[in-house]
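Worksheet: one structure, shown below.
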Amino acid sequence: MEKLSNPQKTIETIKKYQFSFQKKFGQNFLIDEHVIHKIIRGAQVTKEDFVLEIGPGIGTMTQYLAEEAREVAAVEIDRKLIPILGETLSAYDNVTVINEDILKVDIAALAMEKNGGKPIKVVANLPYYITTPIIMGLFESHVPIDNITVMVQKEVADRMKVGPGSKDYGALSLAVQYYAEPYLVANVPANCFIPRPNVDSAVIRLTRHEKPVVDVDNEGLLFNMIRASFNQRRKTLQNGLKNSDLISASKEAIMDSIREAGLPETVRGEALTLEEFARLANILHRKMNEK
Ligand code: SAM
């Protein structure tokens with residue numbers, strides 16, 4: 001069967017099923033074979049792997065994943081795509097299509113059933129508005145993950161990769177880097193999709209750290225401190241933390257901790273590395289428990 005990465009085949013398939021694109025599901029289908037190869041190579045998929053694909057669309061990338069992986073589960077929210085996937089994936093006996101909202105799927109149970117609880121690979125080309133919650137949800141939950149390779153808006157990929165000193169540095173950079181090592185797999189121009197999105201995209205691979213890169217006594221406090229600092233980006237770190245409802249520490253404890261961490265009193269949150277945030281969070285956590 002001719003692959004869907006051929007734009008003519010995609011158009012033919014869409015017409016045959018009288019499929020209409022739904023904006024609310026962020027439906028832009030890939031029509032570029034080079035990009036698909038880059039994604040699959042970037043995701044380091046091998047014949048040993050179980051791959052979870054989120055949002056298969058009409059199955060364009062799924063066809064390639066089925067050939068490269070041991071087994072694939074593809075979770076698609078739009079029931080109108082299910083009969084199409086039935087046809088486009090009919091040649092593969094190692095693909096399961098699940099018609100569900102990914103936010104409602106018990107991914108840990110799926111990983112246990114399909115991969116005996118061993119780390120899985122996740123590949124996704126999703127609507128941009130749910131990409132960040134899904135990535136964070138996967139990392140924060142106890143799903144065993146090897147890597148997540150995901151298509152995101154170009155700016156979001158930039159935000160995930162950068163460190164202090166960049167205007168793109170923020171809470172997302174720190175959250176992603178706490179859990180994983182980001183790597184830019186490919187830039188993907190808008191003309192690689194039908195219909196064409198309004199923005200350029202990028203594929204980023206997030207390889208989960210085997211061991212945490214920083215020692216943190218209280219993860220919740222660390223993340224609240226990060227959020228508080230970047231919610232008020234123009235303020236000093238000290239004021240950002242003191243004014244935030246997320247942080248219940250006293251003003252003195254905050255000031256003392258900043259000093260003890262060896263940071264200038266006027267420092268802004270955006271100047272701190274992940275290691276510095278972690279050190280500060282551990283000091284503040286200790287002081288909060290002393291009281
Ligand atoms: N992977 C296909 C491709 O690259 O051509 C389709 C990508 S399209 C950008 C996003 C896909 O995710 C659509 O098929 C859409 O219906 C699906 N989707 C959107 N929200 C979803 C959700 N919450 N759970 C599962 N699938 C979802």
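All residue numbers refer to positions in the sequence shown, counting from 1. Bear in mind the structure is a predicted one, so any value in this text is a computation, not a measurement. Only this structure's heavy atoms are used, side chains among them; waters, hydrogens and symmetry mates stay out.
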Any side-chain donor-acceptor pair under 3.5 Å between Tyr92 and Thr62?
-> no
Return the minimal non-hydrogen interatomic distance between Gly269 and Leu237, and the atom names on each side.
-> N-CB, 3.8 Å
Thr10 side-chain N/O to Leu4 backbone N/O, donor-acceptor pair under 3.5 Å | yes
Residue pair Ile120 / Ile107: nearest heavy atoms and the distance that separates them = CD1-CG2, 4.2 Å
Lys38 to Val185 - nearest heavy-atom pair and separation | O-CG1, 3.4 Å
Main-chain N/O of Ala66 paired to Asn94 side chain as donor or acceptor, under 3.5 Å | yes
Is the side chain of Arg208 donor-acceptor paired with the backbone N or O of Ala180 at a distance under 3.5 Å, no angle test?
-> no
Would you say the ring centroid of His209 lies under 6.0 angstrom from that of Tyr179?
-> no
Identify which one of Leu138, Thr131, Thr132 satisfies the side chain to side chain contact (heavy atoms under 4.5 Å, CB included) criterion when paired with Ile135.
-> Thr131
If you measure from CG on Leu85 to CD on Gln63, what distance do you get to the nearest 0.5 Å?
-> 9.5 Å
Check whether more than 12 heavy atoms from other residues, nucleotides or ligands sit under 6.0 Å from atom OH of Tyr183, and answer yes or no.
-> no
Test of ring centre spacing under 6.0 Å for Tyr178 and Phe277 | no
Measure from NZ or CZ of Lys118 to the centre of the six-membered ring of Phe50 and say whether it is under 6.0 Å with the direction within 45° of the ring axis.
-> no
Evaluate whether atom CE of Met136 has more than 12 neighbouring non-hydrogen atoms of other residues, nucleotides or ligands under 6.0 angstrom away.
-> yes
Under 3.5 Å, is there a donor-acceptor pair between the side chain of Asn218 and the main chain of Ala281?
-> no
Enclosure of Lys47 NZ (heavy-atom neighbours >12, cutoff 6.0 Å) = yes
Aromatic ring proximity Phe21/Phe29, centre distance under 6.0 Å = yes
Lys/Arg-Asp/Glu bridge criterion (N-O < 4.0 Å) met for Glu12, Lys15 | no
Test Ile40 against every option in Val35, Val123, Val45 by the side chain to side chain contact (heavy atoms under 4.5 Å, CB included) rule and name the one that passes.
-> Val45
